[in-house]
Amino acid sequence: MTHTHQALRLIAGSFLISALSACGGGTLYIGPPLNQTQTININFNSNADGWTAGFADYPAGEETFYELTSSYTALPASLGQNRKGIKISGNNHSDDLFMFIAKKFTGFEPNTRYEIDFELGLGTNVHSGCSGIGGSPGDSVYVKAGAAKIEPKAVNDGTGFYLLNIDKNNQAAGGSDVMLIGNIANGLDCDNADVTFKKKTLKSEPGKFTTYSDANGAIWAIFGTDSGYEGTTTIYFVDAALKITKR
């Protein structure tokens, strides 16, 4: 496990990114109950307050072997000068490693259905159309986004294996709580010598995802990668947006 600006603590298969600033406070929206569309912009350059990085679909106790690391850190210069973001990395020995970040947002009406459209900006240096062990290092590392009324976290399934406690399905298939929005391939040809990180922006298909707030009006948002490539994947979360409509 690495340490950068903040210490990261391993908690039941996840790494907690400690609050770096009082700004944000983990609140998505404060005010009257949402009754129309709201677009919430998330800038990881400001802080990582409230975001938790975690890992699922791997054997308990194998964090070192899987090289699971996460940190709030400076972005590579190619993603912006003097900017920060969330870095996450892991070696997919299980052929199905899920790496994610999640955060609790409050201010919604309790037990209410909401439609959410997702946008995510991530940094990747993996080219398109490349072959690799088990699958492509870019095209077979699938990006997912979702939300739920409970905290997304890795839980031991009773056999010593960590699984996500909400429905993400596996690899290219979306689940009831997490939908597929793309992959990490950066669009450059596989034989391109440029290995700097590029920003890739992914958007969900509008109107295709809904979830419910909990009894206190809270919703947990999640972004992650579901890997079919049996090697190391490293990405940066740069920014994101949630378009939320009460249904």
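Position 1 is the first residue of the sequence; numbering continues from there. Values in this document were obtained by computation on a predicted structure and should not be read as measured data.
- In this structure, the side chains of K103 and I101 stay at 4.5 Å or more apart for every pair of heavy atoms.
- Among all heavy-atom pairs drawn from I88 and G54, the shortest one is CD1-O, 4.0 Å.
- The shortest side-chain heavy-atom distance between N91 and T232 falls under the 4.5 Å cut-off.
- For Y142, there are no ring-ring contact (aromatic ring centres under 6.0 Å, His included) partners at least two apart in sequence or on another chain.
- With values rounded to the nearest 0.5 angstrom, D96 atom CG is found 5.0 Å from Q171 atom CD.
- Under the rule for a side-chain hydrogen bond (donor to acceptor under 3.5 Å, both in side chains), T225 has no partner lying at least two apart in sequence or in another chain.
- The closest side-chain heavy-atom distance from Y229 to V126 is not below 4.5 Å.
- Contacts of K199 classified as side-chain hydrogen bond (donor to acceptor under 3.5 Å, both in side chains), with partners at least two apart in sequence or in another chain: D239.
- Within a 6.0 Å sphere centred on OH of Y212, other residues, nucleotides and ligands contribute 12 heavy atoms or fewer.
- Proximity of a side-chain donor or acceptor of K200 to a complementary backbone N or O of A185 within less than 3.5 Å is detected.
- L79 and Y72 are not part of a single hydrophobic cluster, where members link through side-chain heavy atoms under 4.5 Å apart.
- Residues forming a salt bridge (Lys or Arg N to Asp or Glu O under 4.0 Å) with K198 (at least two apart in sequence, or on another chain): D194.
- Residues I181 and L120 meet the side-chain proximity criterion, which asks for heavy atoms closer than 4.5 Å.
- Between F209 and F118, the distance from one ring center to the other falls under 6.0 angstrom.
- For the pair T69 and K87, the minimum side-chain heavy-atom distance is 4.5 Å or more.
- The backbone N or O of N183 sits nowhere less than 3.5 Å from a side-chain atom of D139 that would complete a donor-acceptor pair.
- Using a cut-off of 4.0 Å between Lys/Arg side-chain N and Asp/Glu carboxylate O, K168 and D57 are scored as salt-bridged.
- In this structure, the side chain of S94 does not engage the main chain of N92 through any donor-acceptor pair within 3.5 Å.
- Taking the side chain as every heavy atom from C-beta outward, I166 and W220 never approach each other to under 4.5 Å.
- Put simply, the side chain of I40 does not reach to within 4.5 Å of the side chain of F105, judged on heavy atoms.
- Here S128 pairs with nothing under the side-chain hydrogen bond (donor to acceptor under 3.5 Å, both in side chains) rule; sequence neighbours left out.
- T196 places no side-chain N or O within 3.5 Å of a backbone atom of S78 that could act as its donor or acceptor partner.
- A distance of 7.0 Å separates CZ of F237 from CZ of F44, quoted to the nearest 0.5 Å.
- Checked by atom type and distance alone, the side chain of D226 never pairs as donor or acceptor with a backbone atom of G228 at under 3.5 Å.
- The CD1 atom of I86 lies 10.0 Å from the CG atom of L75; values are rounded to the nearest 0.5 Å.
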Open item on the list: Could you walk me through whether K149 and N111 satisfy the side-chain hydrogen bond (donor to acceptor under 3.5 Å, both in side chains) test, starting with their C-alpha distance in whole Å, then the side-chain angles of each, then the deciding distance to 0.1 Å, before giving a yes or no?
Closed with: CA-CA 9 Å; K149 65 169 64 176; N111 301 314; 4.6 Å; no
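- Distance check, rounded to the nearest 0.5 Å: CG of N216 to OG1 of T106 gives 9.5 Å.
- Taking the six-membered ring for Trp and thresholds of 30 and 60 degrees, Y58 and F55 have ring planes more than 60 degrees apart, a perpendicular arrangement.
- Side chains of D157 and T159: a donor on one and an acceptor on the other come within 3.5 Å.
- Within the structure, disulfide bond (SG atoms under 2.5 Å apart) pairs that include any residue of residues 124-210 comprise C130-C190 (at least two apart or interchain).
- Proximity of a side-chain donor or acceptor of N41 to a complementary backbone N or O of A241 within less than 3.5 Å is not detected.
- Panel note: side chain S89, backbone T233; a donor-acceptor pair is recorded below 3.5 Å.
- Using cut-offs of 30° and 60° for the angle between ring planes, the F197 and Y236 rings count as perpendicular.
- E109 and Y114 share no side-chain donor-acceptor pair at under 3.5 Å.
- Put simply, the side chain of Y162 does not reach to within 4.5 Å of the side chain of V155, judged on heavy atoms.
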